[in-house]
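Have a look at the structure below, then the notes.
Just so we're clear, the structure is a prediction, and the values are computed from it rather than from any experiment. Labels below follow one simple rule: chain letters A, B, ... track the order of the sequence lines, proteins then strands, and each chain is numbered from 1.
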Amino acid sequence: MEIKAIRGFNDILPDEIGKWQFVEKTAREVFEGFGFSEIRIPIAERTELFSRGIGEATDIVEKEMYSFIDKSGNSLTLRPEATASMARAYLEHKLYTFDPVAKLYCIGPMFRYERPQKGRYRQFYQIDAEVFGVGNPMVDAEVILMLIHFLKRVGLEKLELQINSLGCRDCRPRYRDGLKTYLTEKSFRLCEDCQRRLQANPLRIFDCKVQTCQEAIADAPKVIDFICDECDVHFNRVKEYLGMAGLDYILNPRMVRGLDYYTRTAFEVVSYDLGSQNAVTGGGRYDNLFQEIGGLDVPGIGFAIGMERLISLLPKDKEFIRHPDLFIAAPGKETHKEAYRLANQLHVEGIRAEFDYEGKSLKSQMRRADKLKARYVLILGEEELEKGRVVLRNMEDKSQEELSMDNILDILKNKILRG
RNA sequence: GUGAGUGUAGCUCAGGCGGAUAGAGCACUGGGUUGUGGCCCCAGUGGUCGAGGGUUCGAGUCCCUUCACUCACCCCA
């Protein structure tokens, strides 16, 4: 039996890698410009980092983690998200001693055991950006601004920014209880799932697509009505600063986050071209995370971008594949060796040169040059080579010129690296 | 974890109510043009029909099991 990749784990093939490289490169440029530094964190951590950070009762921790016992008996987990690890690294290496404010980003794969679907895989890539050590709402707006700027830079326009406030440790439980009381009276109108949600996480009922549940919750109290004065002030400031930056947003009082550590500002960017998994990106403030994982009281805010989802939205017509600059066609035995020698010299100069290894007919080599979309073909014919001359053909406009072999390297460098 | 749909060549898909060597287009290789790509023409390579079992004289086709993919629920980026 042929061995195949495991379920929900995908290969990213050469014909699509250009998009990935483009997105990563753009993220680095934009984030570095905003003062962020890259950090690389391990792919596995002790399981308790996630169970304490993300929250025992969340779906991620309850049923989606790739956990295993290693040979020394420790429970390890393949990272389902990056924030907890980044916070751990900040604490462990005492990055706050250099500067209490840390702006970090991280690009890499995450792992969650879920049923694969459009925009949802078991190994998926995220671009994460986090700011640790600042509680000021200015940073909330700044992070969102950077995110939107990045999305524009990669060419996405038809997106919707949604924001909400989730309250804090003090006011959120009050809201939760209030909502629960309100819905318990109407529980007979809720679907089976929502009956369960009512006990486990009543906020999730906002997400339910069942008609009667939507009706039941239509006039339910909203988080914003319950949040404490400090949270209210914070949220108003965030909105003010977003306005100052000229950003359009939609208030979505029903937006809920699935990770327990989120507090106050929560945001999502959704696309209606994505299907069911419509969040390209999501994030928010998490002022309790650091204490949950046993560290100092450090505020934080950040977001994660789903790379697969983002890439599926990239303009289809844009060309991301790199083609050879030059194809060296050498139909004869001796010229074949010359092609090898020249190709290697060109590679050292950073010129993407290709040639035929099999010694096939000129026609066959020309066909291959065409298929690979080479810009130029250098024809090394037996007769010309004896005279020390070669033919350079421009594949686009079909023009040809005969050149001397003596300084061919310089000529090609001039033509290709400048053109 | 639940539901629905789909698995035939590298890709997209035909294969009537079970019948003899399983097809097409594209792609690939070679040739038509002894040294010049795309278009055209000709030829060739390529399949355990997802896997396992069953029914039958006979299974790509019918039945069961299983696996994978897709979409949705759920959940989230």
Side-chain angles (χ1 to χ4, degrees), chain A residues 1-2 4-10 13 15 54 58-64 80-83 107-129 147 191-194 196-197 200-201 204 207-210 255-259 262 266-271 274-284 302-313 327 329-332 335 356 358 360-385 390-400:
Chain A
M1 196 50 191
E2 194 183 351
K4 293 189 181 149
I6 56 189
R7 184 164 207 201
F9 288 62
N10 300 312
L13 301 175
D15 68 337
I54 299 169
T58 59
D59 275 27
I60 293 178
V61 172
E62 257 178 13
K63 48 197 183 195
E64 294 173 4
E81 58 112 40
T83 310
I107 301 174
M110 307 297 156
F111 304 84
R112 291 183 202 173
Y113 188 89
E114 295 183 271
R115 189 83 167 256
Q117 194 183 318
K118 185 182 178 69
R120 188 173 80 185
Y121 310 100
R122 289 181 174 178
Q123 177 180 142
F124 60 101
Y125 288 77
Q126 284 190 338
I127 302 174
D128 280 85
L147 171 62
C191 70
E192 237 176 88
D193 281 334
C194 287
R196 182 178 51 78
R197 291 189 184 110
N201 192 351
R204 289 238 85 90
D207 284 340
C208 187
K209 278 144 193 142
V210 178
M255 183 174 54
V256 181
R257 312 255 70 211
L259 286 72
Y262 283 114
F267 55 92
E268 248 173 47
V269 176
V270 301
S271 162
L274 270 179
S276 177
Q277 309 298 325
N278 66 354
V280 188
T281 218
F303 59 78
I305 301 167
M307 289 257 271
E308 286 84 352
R309 292 178 190 180
L310 173 62
I311 282 165
S312 75
L313 290 172
F327 189 98
T335 61
D356 168 63
E358 317 282 344
K360 291 184 183 171
S361 70
L362 181 61
K363 175 176 184 156
S364 157
Q365 295 191 33
M366 289 299 291
R367 273 191 185 155
R368 180 149 174 257
D370 181 54
K371 184 181 67 183
L372 298 175
K373 295 195 168 74
R375 271 169 66 204
Y376 293 97
V377 172
L378 190 72
I379 300 168
L380 299 189
E382 303 267 8
E383 293 161 27
E384 287 91 338
L385 207 60
V390 288
V391 172
L392 182 68
R393 179 177 174 88
N394 181 319
M395 291 297 271
E396 215 166 306
D397 64 19
K398 303 181 194 178
S399 65
Q400 291 193 178

Inset, instruction - Select base, sugar-phosphate, or nothing to describe what A/Gly119 touches, counting heavy atoms under 4.0 Å on all strands. - result: base
Inset, instruction - Give one of base, sugar-phosphate or nothing for A/Glu383, where a contact means two heavy atoms less than 4.0 Å apart. - result: base
Inset, instruction - Check the distance between B/U36's P and A/Gln365's CD and give it to me in whole angstrom. - result: 12 Å
Legend entry - Distance, rounded to the nearest Å, where A/Arg120 contributes CZ and B/C73 contributes P: 9 Å
Inset, instruction - Name the nucleic acid region contacted by A/Ala304, choosing base, sugar-phosphate or nothing; use a 4.0 angstrom heavy-atom cut-off, strictly under. - result: sugar-phosphate
Inset, instruction - Give the minimum heavy-atom separation between A/Pro116 and A/Gly8, together with the two atoms involved. - result: CG-CA, 4.0 Å
Inset, instruction - Report the distance from atom CG of A/Leu380 to atom C1' of B/G35, rounded to the nearest whole Å. - result: 12 Å
Legend entry - Position toward the 5' end of RNA chain B (nearest nucleotide), A/Gly275 or A/Ile6: A/Ile6
Inset, instruction - Determine the contact category for A/Leu362: base if any of its heavy atoms lies under 4.0 Å from a base atom, sugar-phosphate if only primed atoms, P, OP1 or OP2 are that close, otherwise nothing. - result: base
Legend entry - Whole-angstrom distance between B/G60 and B/G18, as gauged at atom P: 13 Å
Inset, instruction - Assign A/Val280 to base, sugar-phosphate, or nothing according to its heavy-atom contacts below 4.0 angstrom with the strands shown. - result: sugar-phosphate
Inset, instruction - With a 3.5 angstrom cut-off on both distances, give the Watson-Crick or G-U wobble partner of B/G35, or none if there isn't one. - result: none
Inset, instruction - Pick base, sugar-phosphate or nothing for A/Gly282, based on heavy-atom distances below 4.0 Å to the nucleic acid. - result: sugar-phosphate
Inset, instruction - Tell me whether B/G7 sits syn or anti, counting syn as a glycosidic angle within 90° of 0. - result: anti
Inset, instruction - Can you figure out which of B/G35, B/C75, B/U33 approaches the side chain of A/Lys363 most closely? - result: B/U33
Inset, instruction - Return the value, rounded to whole Å, for the distance between atom CZ of A/Arg115 and atom P of B/C71. - result: 12 Å
Inset, instruction - Have a look at A/Phe124 and say if it touches a base, only the backbone sugar-phosphate, or nothing, with a 4.0 Å heavy-atom cut-off. - result: base
Legend entry - B/C11 versus B/G54 - spacing of their P atoms, nearest Å: 30 Å
Inset, instruction - Look at the side-chain N and O atoms of A/Lys118 and state whether any lies under 4.0 Å from the OP1 or OP2 oxygen of B/U70. - result: no
Legend entry - Rounded distance in Å between the C1' positions of B/C26 and B/U65: 36 Å
Inset, instruction - For A/Leu310, report the nucleic acid contact type (base, sugar-phosphate, nothing); a contact means any heavy atom under 4.0 Å. - result: nothing
Inset, instruction - Flag the pair A/Arg257 and A/Glu268 as a salt bridge only when some basic side-chain nitrogen lies within less than 4.0 angstrom of an acidic carboxylate oxygen. - result: yes
Inset, instruction - With a 3.5 angstrom cut-off on both distances, give the Watson-Crick or G-U wobble partner of B/C26, or none if there isn't one. - result: B/G10
Legend entry - Distance below 4.0 Å between A/Arg7 side-chain N/O and B/C69 OP1 or OP2: yes
Legend entry - Phosphate OP1/OP2 of B/G38 contacted by A/Arg367 side-chain N/O (<4.0 Å): yes
Inset, instruction - Select base, sugar-phosphate, or nothing to describe what A/Glu64 touches, counting heavy atoms under 4.0 Å on all strands. - result: sugar-phosphate
Inset, instruction - Kindly say if A/Ser361 contacts the phosphate of B/G31, meaning a side-chain N or O under 4.0 Å from OP1 or OP2. - result: yes
Legend entry - Base-pairing mate for B/G19 - Watson-Crick or G-U, with both contacts under 3.5 Å: B/C57
Inset, instruction - Measure the distance from CD on A/Gln400 to P on B/U36 and round it to the nearest whole Å. - result: 10 Å
Inset, instruction - Take atom CD of A/Glu396 and atom P of B/U36, then tell me their distance rounded to the nearest Å. - result: 22 Å
Inset, instruction - Determine yes or no for a side-chain-to-main-chain donor-acceptor pair under 3.5 angstrom, with A/Gln365 supplying the side chain and A/Ala330 the backbone. - result: yes
Legend entry - Span that lies between the C1' atom of B/G58 and that of B/U2, in whole angstrom: 40 Å
Inset, instruction - Take A/Tyr125 and A/Lys398, find for each the nucleotide of RNA chain B with the closest heavy atom, and name the residue whose nucleotide sits nearer the 5' end. - result: A/Lys398
Inset, instruction - Respond yes when some side-chain nitrogen or oxygen of A/Ser276 is under 4.0 Å from OP1 or OP2 of B/C71, and no when none is. - result: no
Inset, instruction - Could you tell me whether a side-chain N or O of A/Glu308 sits under 3.5 Å from a main-chain N or O of A/Tyr125, the two making a donor and an acceptor? - result: yes
Inset, instruction - Locate the shortest heavy-atom distance separating A/Gln400 from A/Val391; write the atom from each residue and the value. - result: NE2-CG1, 3.4 Å
Legend entry - Distance, C1' atom - from B/C64 to B/G23, rounded to whole angstrom: 29 Å
Inset, instruction - Look at all strands and tell whether A/Glu384 reaches a base, only sugar-phosphate, or nothing, counting heavy atoms closer than 4.0 Å. - result: base
Inset, instruction - Mind checking A/Arg393 for me? I need base, sugar-phosphate or nothing, with any heavy atom below 4.0 Å counting as a touch. - result: base
Inset, instruction - Give a yes or no on whether a donor-acceptor pair under 3.5 Å exists between the nucleobase atoms of B/C74, that is its base, and the side chain of A/Gln117. - result: yes
Legend entry - Side-chain N or O of A/Gln126 closer than 4.0 Å to phosphate OP1/OP2 of B/A77: no
Inset, instruction - For B/G46 versus B/A24, give the span between their C1' atoms, rounded off to a whole number of Å. - result: 15 Å
Legend entry - Nearest-Å distance for atom pair CZ/P, residues A/Arg368 and B/G30: 11 Å
Inset, instruction - Return the nucleotide paired to B/U70: Watson-Crick means purine N1 to pyrimidine N3 with N6-O4 or O6-N4, wobble means G-U with N1-O2 and O6-N3, both under 3.5 Å. - result: B/A4
Inset, instruction - Look at the rings of A/Phe267 and A/Phe303 and say which category their plane angle falls in: under 30° parallel, 30 to 60° tilted, over 60° perpendicular. - result: perpendicular
Inset, instruction - Side-chain contact test, heavy atoms from C-beta onward, threshold under 4.5 Å: evaluate it for A/Arg112 versus A/Glu81 and give yes or no. - result: yes
Inset, instruction - Output the distance between atom OG1 (A/Thr83) and atom CG (A/Asp128), rounded to the nearest 0.5 Å. - result: 5.0 Å
Legend entry - Base paired to B/G52 (Watson-Crick or G-U; both N/O distances under 3.5 angstrom): B/C64
Legend entry - Beyond-backbone contact of A/Phe124 with A/Arg309, side-chain heavy atoms, under 4.5 angstrom: no
Inset, instruction - Quote, to the nearest angstrom, the C1' distance that separates B/U61 from B/G16. - result: 11 Å
Legend entry - Separation between the C1' atoms of B/G50 and B/U6, rounded to whole Å: 11 Å
Inset, instruction - Provide, to the nearest angstrom, the distance between the CG atom belonging to A/Asp128 and the C1' atom belonging to B/A77. - result: 9 Å
